[in-house]
Amino acid sequence: MFRPGYAIEYDFFDPTQLKATLETKLVEGLYFAGQINGTTGYEEAGAQGIIAGINAHLRSREKGEFILNRDQAYIGVLIDDLVTKGVDEPYRMFTSRAEYRILLRQDNADERLTMLSHQMGLAGDERLKSYEMKKSGTDRLIDFLGKKSVGPDEINDKLEEMGSAPIRQKLRFGN
């Protein structure tokens, strides 16, 4: 033995032979997820598994299909990369591959996905109500700040405490 080595070798199904639902183009009603699609990693397998499972369920109920786009979720980026570009080595999802990575943040996942998940029955009415309350509060705050202005005497002490430059005249929060 010259040097020790490590390799994981397995065959995979060419992911360009999958639809964006993760259904195979060759066998109707057969969905693939995980290593069989040429990916590696638990996260990639889990992401594909939930989309394949949702689509298998929807198909069994004759309720259409569920596809996340690249601008909606990292899962959308992962699946689009697989089905349009294919793989020649085990695929890992890197956030740097997502052209919408600035929009795909954890703090706005509810804005992007709650309505979709509620429509499919994945998110309950309580979750939808919670999201709607958050959205309403955010909208009211943005509206308030758009109309509110602050003067130097109201804020300079706090700005200096935070190590920020004081203001010299009254400023409006909004545009």
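The residues of the chain are indexed from 1 along the displayed sequence.
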With clusters defined by side-chain heavy atoms of hydrophobic residues (ILVMFWY) lying less than 4.5 Å apart, directly or transitively, does [Y] cluster with [X]?
X	Y	result
F94	I75	no
M120	Y31	no
F66	M115	no
L171	I155	yes

Mind checking the [atom1]-[atom2] spacing from [X] to [Y]? Nearest 0.5 Å is all I need.
X	Y	atom1	atom2	value
D153	K170	CG	NZ	8.0 Å
E65	E23	CD	CD	8.0 Å
R97	Y74	CZ	OH	12.5 Å
Q169	S149	CD	OG	11.5 Å
E28	R59	CD	CZ	4.0 Å
L113	N108	CG	CG	8.5 Å

Within the 4.5 Å heavy-atom criterion, are [X] and [Y] side-chain neighbours or not?
X	Y	answer
Y91	K85	no
D143	D139	no
K148	V150	no
I54	L122	yes
T114	L128	yes
L68	I79	no
V87	L82	yes

If you compare all heavy atoms of [X] against all heavy atoms of [Y], which two are closest, and at what distance to 0.1 Å?
X	Y	answer
F12	Q35	CB-O, 3.7 Å
V77	A98	CG2-CB, 3.8 Å
D71	R112	O-CD, 4.4 Å
I167	P152	O-CB, 3.6 Å
P15	N37	CG-O, 3.4 Å

Any chance [atom1] of [X] has more than 12 other-residue heavy atoms, nucleotides or ligands included, within less than 6.0 Å?
X	atom1	value
K63	NZ	no
R168	CZ	no
I67	CD1	yes

field: Short side-chain to backbone donor-acceptor contact, Q48 and E44, under 3.5 Å
entry: yes
For N55, the side chain to side chain donor-acceptor pair (under 3.5 Å) test, sequence neighbours excluded, returns none
Salt bridge or not between D81 and R70? Use side-chain N to carboxylate O under 4.0 Å.
yes
Salt bridge between E43 and R92, side-chain N to carboxylate O under 4.0 Å?
-> yes
Open item on the list: Side chains of D14 and T16: any donor to acceptor distance under 3.5 Å?
Closed with: yes
Would you say the side-chain atoms of N69 and Q72 include a donor-acceptor pair closer than 3.5 Å?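 Side-chain D/A pair, N69 to Q72: present.
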Under the side-chain contact (heavy atoms from CB on, under 4.5 Å) test, residues paired with F13 that sit two or more places apart: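 Once residues adjacent in sequence are excluded, the partners of F13 under the side-chain contact (heavy atoms from CB on, under 4.5 Å) criterion are Q17, L18, T24, L26, F32, I36.
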Contacts satisfying side-chain hydrogen bond (donor to acceptor under 3.5 Å, both in side chains) that involve residues 123-133 (not counting sequence neighbours) are H118-D125
